[in-house]
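In what follows, chains carry the letters A, B, and so on, assigned in the order in which the sequence lines appear, proteins first and then strands, with residues in each chain numbered from 1. Everything numeric in this text was worked out from a predicted model, so none of it was measured. Note: hydrogens, waters and symmetry copies are ignored here, and every other heavy atom, side chains too, is used.
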Amino acid sequence: MCLAIPSKIIKIDQNVATIDVDGVKREASLLLLENPKVGDYVIVHAGFAIDKIDEKSAMESLKALREIVSLSSNNKS
Amino acid sequence: MAIKHLEEYRDPQISRKLVEHLKVVSQNPIRLMEVCGTHTTSIFRSGIRGLLPPTIALLSGPGCPVCVTAQNEIDTFITLSRIDDVIVTTFGDLMRVPGTNSSLQQERAYGSDIRVVYSTFDALEIAKKNPLKKIIFLGVGFETTAPTIAASIRTAVEMKLDNYFVFCAHKLLPPALAFLMEAKTTNIDGFILPGHVSVIIGLKAYLPFFEQYQVPCVVAGFEPVDILQAIFMLAEQIENNNPDIANGYQRAVTYDGNIKAQKVMDDVFEAIDASWRGIGKISKSGLKIRKEFASFDAEEMFDVRISETEDPKGCACGEILTGQKIPTDCLLYKMACTPETPVGPCMVSSEGTCATYYRYHAT
Ligand code: SF4
């Protein structure tokens with residue numbers, strides 16, 4: 001039931017956003033989201049945007065992860 | 001126009017590195033449970049099981065909403081759909097789940113008006129367009145779905161709709177985790193916590209559970225790197241004997257969760273004891289519509305509660321949902337029970353463990 005792919009808000013009309021899910025346009029209710037803005041990436045569940053995805057934090061987590069996996073693999077294969 | 005980081009969370013090179021590390025870290029056999037059905041599906045689809053060292057066993061948990069819906073609730077849904085002037089609306093997954101004698105799909109073939117909707121807003125729209133009919137939405141799911149249902153009830157109030165009703169069979173996840181620990185039948189060494197339930201309830205919602213049981217917990221996203229990272233973090237915690245509750249899905253999950261959604265949910269629902277399919281009653285693990293909104297509560301407005309029923313004979317869904325068995329342990333699996341002729345709900349839902357095994361498991 002979950003769309004795990006983040007979708008981009010491309011238009012907001014009152015409490016309804018038009019979102020772009022991998023090129024397909026859909027509508028999502030914004031009733032459960034604080035301060036939605038055009039350009040935000042959101043997770044949509046059952047027709048509702050339930051969360052914004054924080055791209056900065058995504059990149060930071062990846063960087064940290066990269067460090068963990070490369071640090072202890074000095075004995076490269 | 002996909003978001004930038006997504007490619008990287010699917011990067012096979014990072015996955016490979018994580019698996020290498022996992023092989024070094026994981027020395028002793030451990031049993032990890034992925035609680036959420038969407039995780040189960042991602043794990044199978046990405047082939048993660050085949051990459052893991054033999055020390056790591058993954059168990060699928062009770063996080064598929066349709067699978068844990070009690071049979072008597074399915075029977076109740078069917079009874080509701082037979083009432084004159086009623087239009088039942090539901091998410092598609094429920095249609096084929098067998099009740100004691102029928103399913104919603106069969107009822108629709110017999111002439112009941114049952115409509116699959118994409119969101120509760122579609123159900124509200126149907127209510128608006130059909131003022132002489134009574135529209136009942138069947139609410140199943142966890143903390144991710146519950147706020148969307150709560151929001152629909154609040155919207156129905158604003159729209160002054162008097163023909164929209166919700167049958168609330170929602171379940172809450174943290175009480176189920178505590179139940180699994182109490183049952184002690186599964187010996188779970190660590191939990192991969194659901195991503196989108198956690199988006200709503202936040203990391204803080206698991207703290208009382210973690211403090212009581214001191215079992216390693218990591219919230220995970222749904223991409224292969226997310227899942228491998230969570231497994232790696234859990235293995236580390238277990239090997240170092242350092243149980244912790246960690247957030248491996250920081251781009252989406254915060255400590256506090258989605259407060260706006262929590263408020264709406266709290267406004268409309270209160271926690272009650274609930275029956276889980278194959279598991280039985282778990283204290284304060286379900287949601288009921290509050291008295292203030294009783295006129296939207298299908299359970300109050302239509303007198304149809306059906307008493308206890310037995311789960312289908314031979315179906316091991318209950319043991320599968322609690323990690324005591326895997327689908328191949330069930331004698332009916334692939335024999336009497338297939339996605340075309342499901343005996344239990346775990347074979348119906350796309351997130352059900354039996355259906356996932358059937359689709360991806362070679363043997
Ligand atoms: S294979 Fe079918 S009968 Fe067996 S546990 Fe799964 S759903 Fe139930």
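Of the possible polar contacts, one joining the B/Asn258 side chain to the A/Ile50 backbone as a donor-acceptor pair under 3.5 Å is found. When atom types are taken as modelled, the side chain of B/Lys260 and the backbone of A/Leu33 share a donor-acceptor pair closer than 3.5 angstrom.
Ranked by heavy-atom pairs shorter than 4.5 Å toward chain A, the options B/Lys263, B/Arg251, B/Arg154 are led by B/Arg251. For the set B/Val199, B/Thr148, B/Asp11, the count of heavy-atom pairs under 4.5 angstrom toward chain A peaks at B/Thr148. Ranked by heavy-atom pairs under 4.5 Å with chain B, the list A/Lys52, A/Glu55, A/Glu27, A/Met59 is led by A/Glu55. Per-residue heavy-atom pair counts under 4.5 Å with chain B were compared for A/Ala58, A/Ser57, A/Ser61, and the maximum is reached by A/Ala58.
Between A/Leu31 and B/Val264 the shortest side-chain heavy-atom distance does not fall below 4.5 Å. Side-chain contact between B/Ile14 and A/Leu62 is present, with heavy atoms from C-beta onward closer than 4.5 Å. Side-chain contact between B/Phe121 and A/Ser29 is present, with at least one heavy-atom pair separated by less than 4.5 Å.
Residue contact with chain A, scored on non-hydrogen atoms closer than 4.5 Å, involves the backbone and the side chain of B/Gln250 alike. Of the atoms belonging to A/Glu60, not a single heavy atom falls under 4.5 Å from chain B.
When every heavy atom of A/Ile53 is checked against every heavy atom of B/Ala252, the shortest pair comes out as CD1-CB, 3.8 Å. B/Ser119 and A/Gly47 get closest at one heavy-atom pair: CB-CA, 3.7 Å.
To the nearest 0.5 angstrom, A/Ile43 atom CD1 is 9.5 Å from B/Ile200 atom CD1. With rounding to the nearest 0.5 angstrom, the OH atom of A/Tyr41 is 9.5 Å from the CG atom of B/Leu6. Considering CG of A/Leu65 and CE of B/Met233, their distance stands at 9.5 Å, rounded to 0.5 Å. Here the CG-OG1 distance, from A/Asp54 to B/Thr254, works out to 10.5 Å after rounding to the nearest 0.5 Å.
Other residues, nucleotides and ligands place no more than 12 heavy atoms under 6.0 Å from the NZ atom of A/Lys25. At most 12 non-hydrogen atoms from other residues, nucleotides or ligands lie less than 6.0 angstrom from CD of B/Gln13.
With salt bridges taken as basic N to acidic carboxylate O contacts below 4.0 Å, none links A/Lys63 and B/Glu8.
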